[in-house]
Amino acid sequence: MDTGLPAIAGRPIQWATIADGILYTAQLPLRADGSFETGDIGLQTALTLSNLRRTVEAAGGTLADVTQVLVYLPDARDFAGMNAVYGPYFSEPYPNRAVFITGLVVPGARIEIVAYAHIGRAVRPAGRATPKAGAAAKRHRNAAKDKTPGRRRR
């Protein structure tokens, strides 16, 4: 999915994907030029949430479609600064949220956000059959068997 965010050279990641109408995304304080914001938690949070908004909008949704947010911070002291910036991006009913204190792999990054959004359209990755399609095919085969001459329908 094209989010408008730059790819990170040499890293096998996609910024977002959609399956069964659910957007799955992970966001970092990534600038448009591919560099990372390494300033204070407020700047990093604002950029990360702006990237989240951009990604959700690229999928055809809004931040109101976000159902869950997982925030990763390497330093618990950044919680208050992150929370002050986070609040205005969402409105009631707020997405379910959890905050984890853990290391991050991007040097200088003070936040990473994983989010899930219900975009409302079922889109499956190529090559995967939907359960409904499989059930419909089975019903079709069974109906064809029932029309075989000499066979009684039960």
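Along the sequence shown, residues are numbered consecutively beginning with 1. Any value given below was found using the heavy atoms of this structure, including those in side chains, with hydrogens, waters and symmetry copies removed.
Here ring-ring contact (aromatic ring centres under 6.0 Å, His included) pairs that include residues 52-76, with residues two or more places apart or in two chains, are Tyr72-Phe100. Residue pairs satisfying the ring-ring contact (aromatic ring centres under 6.0 Å, His included) criterion with at least one member in residues 73-97, sequence neighbours excluded, are listed as follows: Tyr86-Phe90. Residue pairs that meet the ring-ring contact (aromatic ring centres under 6.0 Å, His included) test with at least one member in residues 43-62, sequence neighbours left out, do not exist here.
Heavy-atom minimum distance, Ile101 versus Ala76: CD1-CA, 3.7 Å. The two atoms that bring Pro6 and Ala32 nearest to each other are CG-O, 3.5 Å, heavy atoms only. Contact detail for Pro74 and Ala109: the closest heavy-atom pair is CG-O, 3.7 Å.
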Scan the side chains in residues 56-67 for donor-acceptor partners under 3.5 Å anywhere in the protein, sequence neighbours excluded, and list what turns up.
unit_1: Thr62; atom_1: OG1; unit_2: Ala64; atom_2: N; d: 3.1
unit_1: Asp65; atom_1: OD2; unit_2: Thr62; atom_2: N; d: 2.8
unit_1: Thr67; atom_1: OG1; unit_2: Tyr116; atom_2: O; d: 3.2

Please tabulate, one pair per line, all N/O donor-acceptor pairs under 3.5 Å involving side-chain atoms of residues 39-47, not counting sequence neighbours.
unit_1: Asp40; atom_1: OD1; unit_2: Gly42; atom_2: N; d: 2.9
unit_1: Asp40; atom_1: OD1; unit_2: Leu43; atom_2: N; d: 2.8
unit_1: Gln44; atom_1: OE1; unit_2: Arg110; atom_2: N; d: 2.6
unit_1: Gln44; atom_1: NE2; unit_2: Glu37; atom_2: O; d: 3.4
unit_1: Gln44; atom_1: NE2; unit_2: Gly39; atom_2: O; d: 3.0
unit_1: Gln44; atom_1: NE2; unit_2: Gly108; atom_2: O; d: 3.0
unit_1: Thr45; atom_1: OG1; unit_2: Ile41; atom_2: O; d: 2.7

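Rounding to the nearest 0.5 angstrom, the gap separating the CG atom in Leu52 from the OG1 atom in Thr25 is 6.5 Å.
Applying the side-chain contact (heavy atoms from CB on, under 4.5 Å) rule to Ala80 yields no partners; only residues at least two apart in sequence or on another chain are considered. With sequence neighbours excluded, the residues that form a side chain to side chain donor-acceptor pair (under 3.5 Å) with Gln68 are Asn96. For Asp33, the side chain to side chain donor-acceptor pair (under 3.5 Å) test picks out Ser35, with sequence neighbours left out. Remark: Ser91 engages no residue in a side-chain contact (heavy atoms from CB on, under 4.5 Å) (not counting sequence neighbours). Applying the salt bridge (Lys or Arg N to Asp or Glu O under 4.0 Å) test to Arg53 and every residue at least two apart in sequence or in another chain returns nothing. Residues meeting the side-chain contact (heavy atoms from CB on, under 4.5 Å) test with Phe36, sequence neighbours left out: Ile8, Leu28, Leu30, Val106. Take Thr48 and apply the side chain to side chain donor-acceptor pair (under 3.5 Å) test, not counting sequence neighbours, and it matches no residue.
Between His118 and Ile22 the shortest side-chain heavy-atom distance falls below 4.5 Å. Between Thr55 and Leu5 there is a side-chain heavy-atom pair separated by less than 4.5 Å.
When the shell of 6.0 Å around CZ of Arg31 is examined, it contains more than 12 heavy atoms from other residues, nucleotides or ligands.
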